[in-house]
2 protein chains.
Amino acid sequence: MIDPPHANAYIGIMAAHHHHEHAGASLAQAAEAALVGAGEQWTDMRSDIFAVLATFEKPASAYDIADLVSQKRGKRVAPNSVYRILDLFVTTNLARRVESANAYIANSHPGCLHDCIFLICDSCGTATHIDDDALTMRVRAAAEHAGFAQVRPVIEVRGKCADCD
Amino acid sequence: MIDPPHANAYIGIMAAHHHHEHAGASLAQAAEAALVGAGEQWTDMRSDIFAVLATFEKPASAYDIADLVSQKRGKRVAPNSVYRILDLFVTTNLARRVESANAYIANSHPGCLHDCIFLICDSCGTATHIDDDALTMRVRAAAEHAGFAQVRPVIEVRGKCADCD
DNA sequence: TTTAGCGATGTAATGTTGTAACGTGCATCG
DNA sequence: CGATGCACGTTACAACATTACATCGCTAAA
């Protein structure tokens with residue numbers, strides 16, 4: 001997903017474990033399992049919202065999601081309800097909030113806990129992510145060094161993606 | 001500013017250059033110099049907005065600033081105008097936008113270019129920052145490795161500060 | 001079986017953040 | 001003088017987010 005189309009000299013150390021990158025039905029199943037595993041219910045509404053969220057390549061706003069879920073259900077779903085469920089998804093690691101875009105993105109490997117590094121293209125808006133635990137751990141360490149506790153890193157990079165460059 | 005009240009084993013490599021951390025009038029002067037140096041004007045409005053911004057410990061929203069500047073001038077200043085000037089400040093490095101707070105903070109060493117790492121306390125809202133070029137360069141490198149260009153890192157850490165912990 | 005409680009969702013209103021479009025005043029320069 | 005450019009004003013609106021309270025359906029205790 002994140003490998004570039006060109007050779008390079010990058011020396012970052014990637015996390016030394018395997019991901020199960022899910023997509024489509026497989027992802028939905030993994031999400032359901034993760035949510036149930038967290039002691040929460042997998043309701044129709046949650047299922048629909050997750051499904052819609054997962055179809056986006058770009059970070060989706062709560063209002064985008066509300067619109068699509070409304071269509072899908074043939075009945076208006078208020079942004080309010082969407083926010084509630086997105087918050088739940090974020091706390092249970094089924095989705096992430098992209099702070100610099102005021103939007104959300106499905107976690108393609110729920111159940112697997114990382115500090116993600118998001119790359120968001122300013123031109124086309126698509127977002128991808130990197131898992132580089134060595135790097136994110138350094139950020140955590142720096143914050144803890146400064147006396148912070150319960151740290152939650154927000155690491156995003158805006159720029160031009162390879163396609164738009 | 002960022003040194004913690006406790007001993008530690010942190011091994012991050014800090015930027016090997018000196019900062020002139022400004023405050024108060026000195027900071028305003030430095031800001032003026034930086035803006036003029038960038039070929040922009042230092043107007044009364046810009047001066048007032050910068051002054052107000054600089055009094056905040058916490059990231060300030062454009063609306064906060066609009067309110068205070070309105071008071072100071074005895075005349076309503078629209079958020080619109082504040083945004084224009086904040087955008088200018090951000091592009092000229094006099095201020096930074098804190099994405100995870102939808103707010104702005106004065107750069108205490110304008111003219112000195114860094115990718116800052118912001119630490120924002122979820123309890124009291126205060127923000128501090130770290131300059132660790134070694135670390136931010138790795139983030140840049142990771143993004144460039146993924147094919148991104150013109151990268152602009154957004155590195156923020158939410159958590160509890162030493163005082164609130 | 002009733003009913004009290006609880007979690008999930010609906011509804012409405014409102015608050016906050018951000019942008020667009022266009023007008024005005026003022027300085028500079030030909 | 002008139003044209004240009006920049007800063008700022010004014011209005012309207014779009015986008016993002018939260019609050020308070022109502023309703024529904026399930027289940028567990030009386």
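Proteins come first, then strands; the chains are lettered A, B, ... in the order of their sequence lines, and each starts at number 1.
Spacing between atom CG of B:Asp48 and atom P of D:dA7 amounts to 16 Å, rounded to whole angstrom units. Protein atom CG of B:Leu35 is 14 Å distant from nucleotide atom P of D:dC6, rounded to whole Å. For the pair A:Met45 CE and D:dC24 C1', the interatomic distance rounds to 15 Å; values are reported in whole Å. Between the C1' atom of C:dA8 and the CD1 atom of A:Ile49 lies a distance of 11 Å, rounded to the nearest Å. Between the CZ atom of B:Arg76 and the C1' atom of D:dC8 there is a distance of 13 Å, given to the nearest Å.
If you check the side chains of B:Thr126 and B:Lys58, you find no donor sitting under 3.5 Å from an acceptor. Judged by distance alone, the side chains of A:Ser61 and A:Asp64 do bring a donor and an acceptor atom under 3.5 Å apart. A:His109 and A:Asp131 share a donor-acceptor pair across their side chains, judged by distance under 3.5 Å alone.
In this structure, the nucleotide among D:dC8, C:dG7, C:dG10 sitting nearest to the side chain of A:Gln41 is C:dG7.
Judged as a side-chain hydrogen bond (donor to acceptor under 3.5 Å, both in side chains), the pairs with a partner in residues 147-159 of chain B (not counting sequence neighbours) are, in order, B:Ser100-B:Glu156, B:Ser100-B:Arg158, B:Asp122-B:Arg158.
Ring geometry for A:Phe50 versus A:Phe89: interplanar angle over 60°, hence perpendicular rather than tilted (30 to 60°).
Contact check, B:Ser61 against C:dT16: no side-chain N or O comes under 4.0 Å of OP1 or OP2. An OP1 or OP2 oxygen of C:dT11 is reached within less than 4.0 angstrom by a side-chain nitrogen or oxygen of A:Lys75.
Non-hydrogen atoms lying under 4.0 Å from DNA chain D are contributed by A:Asn80, A:Tyr83, A:Arg97, A:Asn102, all within residues 80-103 of chain A.
With hydrogens and angles ignored, no donor-acceptor pair closer than 3.5 Å exists between the side chain of B:Tyr63 and the base of C:dG15.
With rounding to the nearest 0.5 angstrom, the CG atom of A:Leu27 is 9.0 Å from the CG atom of A:Leu53.
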